[in-house]
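For reference, the structure is listed below as structure tokens.
Every value quoted in this text rests on a predicted model; they were computed, and no experiment measured them. Below, chain A is the first sequence line, B the second, and so on; all start at residue 1.
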Protein chains: 2
Amino acid sequence: MEERLKSLWAEARELSLGTSSLVDRLELAPSSLRFLRDYVSANKPCIISSSATRHWPAISDALWSNDAYLRRTLASTTVSVHLTPHGRADSLVPLAGKGLCFASACVRAMPFPAALDLITSSGSPTSPVVAYAQQQNNCFHEEYSALASDVDPHIPWATEALGCFPDAVNLWIGNGRSETSFHKDHYENLYAVVTGEKHFLLFPPTELHRLYVRPYPAACYSSVSGLSPETGGLRLELEEPERLVPWCSVDPCPPTKEAMDQQMSAFPLYFQGPKPFQCTIKAGEILYLPSMWFHHVRQTPDDNGRTIAVNYWYDMQFDIKYAYFNLLSSIEFPPTSVTEPSEEKKNQEDCLHSSPSHVSDH
Amino acid sequence: MEERLKSLWAEARELSLGTSSLVDRLELAPSSLRFLRDYVSANKPCIISSSATRHWPAISDALWSNDAYLRRTLASTTVSVHLTPHGRADSLVPLAGKGLCFASACVRAMPFPAALDLITSSGSPTSPVVAYAQQQNNCFHEEYSALASDVDPHIPWATEALGCFPDAVNLWIGNGRSETSFHKDHYENLYAVVTGEKHFLLFPPTELHRLYVRPYPAACYSSVSGLSPETGGLRLELEEPERLVPWCSVDPCPPTKEAMDQQMSAFPLYFQGPKPFQCTIKAGEILYLPSMWFHHVRQTPDDNGRTIAVNYWYDMQFDIKYAYFNLLSSIEFPPTSVTEPSEEKKNQEDCLHSSPSHVSDH
């Protein structure tokens, strides 16, 4: 089966996606037909230059890099903020003595100005908490409606191509420490960066086995009684009853050389195979992130210490491609026992992943 | 693997293609965007009503049902005619003592009026030969250019959707005995029937294993020395050196009950699984036959004893769907030894397939 899967990976890249790790860049917004034919139907990502968003006041008037504007416009708005000790929410985190678990953030509702302060201050590497304003539930319309006229309510050529308006529009305000681990979404995603930069690693769905999707017990950060989560009083606890979440095992950017060596030995299909597609999306640019593509995201903040992005989730077509993907998912390769790091290694990894300031993890 | 493949078959139908054996019918020609989104990208067939072709003189003026018009317009044209003893070219035919082989027709160039006479007369079940004017090499432009203005040179909404003009346009003139065995093409196919009817059985590429693609030795009909092939002097001979052609083993319409029983016992995945998609394309209608779909075609002639169709082959996108299909093809299921009919059965089948008038097969 290994040779067959490797042929699939190579063939999809050679025939359609490209053999370099570069993503197509379009200087102008594509016509709906071209977007549909060359990218959506082919399930292939592309980057659209800032010419497509230069009429957005958020971009042209630099409204979202303007601290005073944001504070004034959202002065009385309550927003959801995700808190973690290290910036990794919805990702694998070691839980003392229990190996890796799938950790969700502690979600707190707070006034926008306080959220903005916390996001900015928690970008410092000494901060015991990292704040990330994001809520993937159409939060741009639910929480940030005061900013609605700053960007287009949808991406016109994508809406025409896909034959529907977005199902959800989400706003993301983070600092340089927030990181999103490899995962995929069941949406066609138009991801526009408004200020700062986002760095994506992308894998096509054909390469699913290279990410070693395995079940991990779900856990959640919550506030330690008597402490404020905003100042680092966070504790990670397993959900009860146990719930297993299938998640990508690979961490492409581990913090130390030793952790990298462990990753490379545990996940050879990732590190020895062809490189992920890689791109940086700058302010004003849009990434078309096709449905079912695995993506890992990091960010570089603007001068205010923040990266702000808005993404448009459109319904995907559950068609023959999706059925093929499910067949692929059903193939267990490589057998789990051969590739999982040993318990001893896992415990070492626990230590590597937890910095002294993150004692609340355990 | 059997359960995984069955899930794939079921899922593609349930999510996208439909669980009945009916093909979508569109009353009006679709917009290029809709055609691309709902059919090409989804790799899903549809039928477009005759409203899409009513401006074609071949249809509106019934030119191609007009014997005198065809004979006059093509009076001095030489065309390619495919001759077989039974109407099945590019299909599996028993060769005495050697089991089934993949038989190609004897191709003869002849003046169009003689070809038309032969096609018409060979529709009779007592004719020792069946003639089919067809040459899948852009023959409409190569051989039938005198008819060029009778139909559109391309299908405008398909051309716009697919972003290119057709690679080839082919004309097919046959009688009720011609039958095309299950196969697939690497093209997006717009198949317009101009007079008579075509009956299609269709399988999505996901169901490839249900057709039992196996290698068969190539053979070709040629004229017996001293006899005219037009009057039945045809002999089937294996190519030398041997050349193996992978071909679908299933004959969905065998001539006798006994032959059907043998088919059902040899190819249970075909006969026990969900029914093929099935449709009849009438004069003026167009079938969108998606790339990589397996199709089997029979025809009912018009009052002149002929079915005439023109099909437009557009380049397909060799994208992620194609890479998935190749992965699927690499899965050998069921193992050949279990399902192939025994040699004894094959020999019985030889007898069943050859009628007394077809002695030239052997």
So which of Ala12(A), Ser16(A), Ser41(A) has the largest heavy-atom pair count under 4.5 angstrom toward chain B? Ser41(A)

Looking at chain A, which one of Leu15(B), Thr206(B), Asp319(B), Leu33(B) has the largest number of heavy-atom pairs inside 4.5 Å, strictly under? Leu33(B)

Find the one option among Ala161(A), Ala10(A), Pro204(A) whose heavy-atom pairs under 4.5 Å with chain B are most numerous. Ala161(A)

Sort out for me which of Asn43(B), Val40(B), Asp38(B), Leu36(B) touches chain A most, counting heavy-atom pairs under 4.5 Å. Leu36(B)

Only pairs of heavy atoms separated by less than 4.5 Å count here; which of Glu14(B), Glu11(B), Arg13(B), Lys44(B) has the most with chain A? Glu11(B)

With a 4.5 angstrom heavy-atom cut-off, which part of Leu162(A) approaches chain B: side chain, backbone, both or neither? backbone

Distance, nearest 0.5 Å, that separates OG of Ser32(A) from CZ of Arg37(B): 8.5 Å

Result of checking Ile331(B), Leu328(B), Asn326(B) against Arg4(A) for side chain to side chain contact (heavy atoms under 4.5 Å, CB included): Ile331(B)

Gap separating the CD1 atom of Ile320(B) from the NZ atom of Lys321(A), nearest 0.5 angstrom: 8.0 Å

What part of Ser7(B) gets within 4.5 angstrom of chain A, counting heavy atoms only: side chain, backbone, both, or neither? neither

